[in-house]
*Asks:* 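Please read through the structure below; I'll follow up with questions.
When reading the values below, keep in mind they use all heavy atoms of this one structure, side chains included, and skip hydrogens, waters and symmetry mates. In this chain, numbering begins with 1 at the start of the sequence shown.
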Amino acid sequence: MENKKLIVSDKSCTLKEVLDIIGGKWAMPIIYILSKGKMRFKELERSVEGINTRMLVKELKNMEANGIITREVFATVPPTVEYTLTPKGGKLLPSIVSLHTWGQEFTV
């Protein structure tokens, strides 16, 4: 395997910026679940084991602000909200799958 040096500069630390976006405990599981398609809030809440409502709202707002997901509100009573992964968010999926594979190999 070829050794490559990672050059980190003080002026542009994109790795830190990426971790600010997806470094939360819940972001990667949410992205992985949304890769399967649109989901309503309650479906998403049930799918992410161990998350509480407040934390899910916080993570979804952060991911929406960073362009990782889109939020669509429908004028129904009660309001229906659906979340979808954006193309930008979809590009994170191979990295998340790689981390999952690494975790299965080295953390078990």
*Asks:* Would a distance-only check, ignoring hydrogens and angles, find a side-chain to backbone donor-acceptor pair under 3.5 Å from Lys88 to Asn66?
*Replies:* yes

*Asks:* Does Leu93 reach the side chain of Tyr32, with side-chain heavy atoms less than 4.5 Å apart?
*Replies:* yes

*Asks:* Is there side-chain contact between Val81 and Arg40, with at least one heavy-atom pair below 4.5 Å?
*Replies:* no

*Asks:* Are Trp26 and Met55 side-chain neighbours, meaning at least one heavy-atom pair lies under 4.5 Å?
*Replies:* yes

*Asks:* Can you tell me how far the OG1 atom of Thr101 sits from the CZ atom of Phe106, to the nearest 0.5 Å?
*Replies:* 11.0 Å

*Asks:* Testing Glu45, Lys58, Lys42 one by one against Thr53 for a side chain to side chain donor-acceptor pair (under 3.5 Å), which residue passes?
*Replies:* Glu45

*Asks:* Please check if the side chain of Asn52 supplies one atom and the backbone of Arg54 the other of a donor-acceptor pair under 3.5 Å.
*Replies:* yes

*Asks:* Check whether any side-chain heavy atom of Thr80 lies under 4.5 Å from a side-chain heavy atom of Phe41, and answer yes or no.
*Replies:* no

*Asks:* May I have the step-by-step check of side-chain contact (heavy atoms from CB on, under 4.5 Å) for Phe74 and Glu82, ending in yes or no?
*Replies:* CA-CA 8 Å; Phe74 298 94; Glu82 287 185 344; 3.6 Å; yes

*Asks:* What distance separates Lys25 NZ from Glu59 CD, expressed to the nearest 0.5 Å?
*Replies:* 10.5 Å

*Asks:* Would you say Glu72 and Thr84 are linked by a side-chain donor-acceptor pair, where the criterion is simply a distance under 3.5 Å?
*Replies:* no

*Asks:* Kindly work out whether a path of hydrophobic side-chain contacts (I/L/V/M/F/W/Y, heavy atoms less than 4.5 Å apart) joins Trp102 to Leu92.
*Replies:* no

*Asks:* Going through the checks in order, is the side-chain contact (heavy atoms from CB on, under 4.5 Å) test met by Ile31 and Met63?
*Replies:* CA-CA 9 Å; Ile31 292 168; Met63 291 175 16; 4.0 Å; yes

*Asks:* Looking at side-chain heavy atoms only, is the closest gap between Leu60 and Ile69 below 4.5 Å?
*Replies:* yes

*Asks:* Is Glu43 close to Ile33 at the side-chain level, that is, under 4.5 Å between some pair of heavy atoms?
*Replies:* no

*Asks:* If we check side chain to side chain contact (heavy atoms under 4.5 Å, CB included) with Met39, which of these qualifies: Leu85, Leu34, Ile30?
*Replies:* Leu34

*Asks:* To the nearest 0.5 Å, how far apart are OG in Ser95 and CE in Met28?
*Replies:* 9.5 Å

*Asks:* Check whether any side-chain heavy atom of Thr70 sits under 4.5 Å from a side-chain heavy atom of Glu64, and report yes or no.
*Replies:* no

